[in-house]
Amino acid sequence: MTNETISSHSIQANPVHQERTHWKQVSVQILVVTAFLSLGFLLDGNMGGGNEVNILPFARQYADPSWIPGDWYLNQPPGYRIPFLALFGSMAAAWGFLATSLIGRLLCYTLMASGLVFLGRKLGLSLPLLLLAVGLFLYVDDHQGVVAREWLVGGVEPKAVAYGLLLFAIGLMLTGHYRLMALLLGLATFFHIFVGGWASLVIGGWLLLRRHRHFRSIRYLGSVVAIYLIASALSIYTILEHLLTPSPTGAIEPSYVYVFIRTPHHLNPLYWSAEWWIKPAVYLLVLALSVGILWRQRQSQEHAVRMGLAEFTLLTLIPFGLGLAIAPFDAQGTFLQYYPFRLGDVMLPLNTCLLFACALEQSFIGKARPILLFVCIVLLSGACTVQAVEFHQAFVALSEFPSEQQGIEPEGKAISDWIRTNTPDDALIVTPPAELTPFTWVAERPTVAKFKFIPPTKVGVLDWYERLTDLSGTLNPWPQPGERVTFSKMKQALRAGYNSLTTDQAQAVMNKYGADYLLTSSTHPLDFAIAYQNSRYILYARSLE
C-alpha cells in the first residue's frame, strides 16, 4: 500500500474531518434552502397586505412607547408576544420598517430552512428532493394551508419563529431526543401560543401512543414535561389569564366578533366555500399512496422516522376534525376562537409533500435515479425563473417604498406625508376603517381604528367592534348571524357607512375620540375647514365649537 493510499484512508477515518465535512454539507443545504425561500418571499409585499403591517408597528411601539403614544391599537397589552416584540421592535425603532422586514424575514427563513434541512436529513431526503417537496408545498396553490389559510413561509411575525422551532422539535421527536424536543417545543409555544400549544397536544398524543417504546422511567418523563413548562411559562400564564378572565357583559360576545366577523376565513368552516374538502382529500390520498410505497420497503433505516411523521400528520387532523364537529353548534365561537384548524391545515400539505418526496427517493434507484434528478432540476429551474422575474420587479418597486405594494397609492402617501410634516405629533386623525391600512406607520399619527387591526384581549375586541360601528354612522356594516359575507363586501359596507357620515355624525365621532382631524374621500363633502386636499383624499380640521 502506498503512502498516498495510507494518507487517504487516514483522512477518511479521521472523525474530526468527517464532522467538518458533515457540517459543511449541512451549511450548504441550509444556505440553498434559505435562498430558495427568499427568492419567492423575501420581497413579497413587505409591510403590505400580510400581518407585518400591524405586528411590526406594534413591536416598535412596544420598544419605543414615545413613538405614537396616543394610538389606541398600538398601545394594547402585548400578551405572550413580548420576546418577539422586544427583538423586532428594537430593530424597527433603530433601522426602520423595511430593513426590519427584510432582515427579519431572512432570520425567519434561515431558521425555517435549518428546520427543513434537519427534518429532511432525518427522513433521508437528498437536497434536490427536499427542494422539490418544499416547492410543491409552497407553489402548488396560492395558499400554503389546505383551507384555513394558514402559512409557514411569509412575513415577519411570531408564528414564523414558532414554526421554525417546531420543525426542529418534530425531527427530535421522531428520533427520540425528547428533552431537547421539549425545550424547542416550549420555545415555540413561548413565541406563539396556538402553534406551539396545539403542536404540544399532538406530540403528547403521539408519545402517548408509543409510551411503551420511548420512556425509560417516570423520572425521565417528568424531566421532559418540566423542561417544556419552564420554556413556555409566559404563554401558560397568558392562557390561564385569558381563561379565567370573564367576558365583558354586553349585547355581543368577544369570541363571536373575533370568529364570525374578523377571522371567519381562519376559524369558521361555514364561511369556507362548498368545495373546501377537495384539497384536503387530495392531500390525504397522496399521503396514503406515499405511505403505501414507503411501507413496501420497510428495511430502510429511515422507515421508522417516515412512518412516525405520517402518524404525527394524521394526529394533527384530530383538532381539525374536532373543530369541524363543533362548528355547527358553537354559535358564539367559544371553542373556534382557539384556532383548532391551524396546525393540521399546514402540517398536512407540508408533511405530505415531504413523504411524497421520500417515496420518489425510495422508488427511483439505480439507473432511474438520474431521470428523477433531471426532472427535479427542470421543475426547480422553472419555479426559480418565475420567482426571479417577480423578485426583480419587487426589488425595483422598493425604490418607492412605501407604495402600492404596501397598500398605499400615491394620493394616500402624499396626504400621509403632509400629515406627518404639518400636524402636531399627538394629533389624532379619524381615518377610513377599511382603507389606508398603513396610515399609522406612514403618517406616524394615531387613528381611531382599522378593520385589519384587532386587539388580542376580550375588552379590546369589543372596543374594536364599537369603534368600527361608530365609524359607520347609521349603517350597520356587520353580517347577520349565519350570513356568509366576504371580506370585500364587509369592507365595502364599512366604506359606505364612513363615506355617508354627515357633518354632525363626523363631529360626534371626533368629539367622542378626541380627534383633531378627519380624513375621508375627496367626494365626501363635510362642513369643516379643509386642511389639505388632493385628487383622492381630503383632510378636514375639527370644528372648535
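Both backbone and side-chain heavy atoms feed into the values below; hydrogens, waters and symmetry mates do not.
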Determine the minimum heavy-atom distance between Val53 and Pro438, stating which atoms define it.
CG2-CA, 4.1 Å
Tell me if a side-chain donor or acceptor on Trp151 pairs with a main-chain N or O of Val346 at a distance below 3.5 Å.
no
Qualifying salt bridge (charged side-chain N to carboxylate O under 4.0 Å, His left out) pairs, either residue in residues 326-353, two or more places apart:
Glu150-Arg342
Modelled atom types, side-chain donor and acceptor of Tyr228 and Ser200, under 3.5 Å:
yes
Using only atom types and a distance under 3.5 Å, with no angle test, would you say the side chain of Gln144 pairs donor to acceptor with the backbone of Leu152?
yes
Are Trp198 and Tyr339 an aromatic pair, judged by ring center distance below 6.0 Å?
no
For Pro269, does its backbone N or O pair with a side-chain atom of Trp276 as donor and acceptor, under 3.5 Å?
no
Any side-chain to backbone donor/acceptor pair from Arg484 onto Tyr271? Under 3.5 Å, distance only.
yes
Between Lys122 and Glu302, is there a side-chain N and carboxylate O pair less than 4.0 Å apart?
no
Which pair of heavy atoms, one from Gly186 and one from Ser232, lies closest together, and at what distance?
O-CB, 3.4 Å
Has Asn46 got a side-chain atom pairing as donor or acceptor with Leu42's backbone, closer than 3.5 angstrom?
yes
Would Trp295 and His303 count as a close aromatic pair, with their ring centres under 6.0 Å?
yes
Between the side chains of Glu253 and Lys458, is the shortest nitrogen-to-carboxylate-oxygen separation below 4.0 Å, so that they form an ion pair?
no
What are the two closest non-hydrogen atoms of Leu315 and Gly205, and how far apart are they?
CD1-C, 4.2 Å
Ignoring hydrogens and geometry, is there a side-chain-to-backbone donor-acceptor pair from His266 to Ala148 under 3.5 Å?
yes
Can you sort out the partners of Phe374 under side-chain contact (heavy atoms from CB on, under 4.5 Å), two or more places apart, ordered by chain and number?
Val378
Given Arg105 and Ser38, is the side-chain contact (heavy atoms from CB on, under 4.5 Å) satisfied, shown in steps?
CA-CA 8 Å; Arg105 290 189 185 198; Ser38 299; over 6 Å; no
So which heavy atom on Ala357 is nearest to which on Ala133, and how close?
CB-CB, 3.8 Å
Nearest heavy-atom contact between Leu132 and Cys376 is CD2-SG, 3.7 Å
With the side chain counted from C-beta on, respond yes when Pro481 and Tyr256 share a heavy-atom pair under 4.5 Å apart, and no when they do not.
yes
Can Gln362 and Arg306 be counted as having a side-chain donor-acceptor contact under 3.5 angstrom?
yes
How about Glu52 and Ser101: does a side-chain donor come under 3.5 Å of a side-chain acceptor?
yes
Check for me whether Arg262 meets the cation-pi criterion with Phe451, that is, NZ or CZ under 6.0 Å from the six-membered ring centre and within 45 degrees of the ring axis.
yes
Phe118 and Phe168 aromatic ring geometry - parallel, tilted or perpendicular at 30°/60° bounds:
tilted
Taking Trp206 for its side chain and Leu174 for its backbone only, find out whether a donor-acceptor pair lies under 3.5 Å.
no
Suppose we call two aromatic rings close when their centres sit under 6.0 Å apart. Are Phe320 and Trp277 close by that rule?
no
Verify, without hydrogens or angle tests, whether Lys489 (side chain) and Pro479 (backbone) share a donor-acceptor contact under 3.5 angstrom.
no
Is there a side-chain contact between Asn54 and Tyr73 in this structure, where contact means two heavy atoms from C-beta onward sitting under 4.5 Å apart?
yes
Could you pull out every donor-acceptor pair under 3.5 Å between side chains of residues 349-356 and any protein atom, sequence neighbours left out?
{"residue": "Asn351", "atom": "ND2", "partner": "Thr313", "partner atom": "OG1", "Å": "2.9"}
{"residue": "Asn351", "atom": "ND2", "partner": "Met347", "partner atom": "O", "Å": "3.4"}
{"residue": "Thr352", "atom": "OG1", "partner": "Leu348", "partner atom": "O", "Å": "2.6"}

Could Arg81 and Glu157 be called an ion pair, given the rule that one side-chain N must be under 4.0 Å from one carboxylate O?
no
Tell me if a side-chain donor or acceptor on Ser472 pairs with a main-chain N or O of Gly497 at a distance below 3.5 Å.
no
Does either side chain, that of Asn51 or that of Lys159, offer a donor lying less than 3.5 Å from an acceptor on the other one?
no
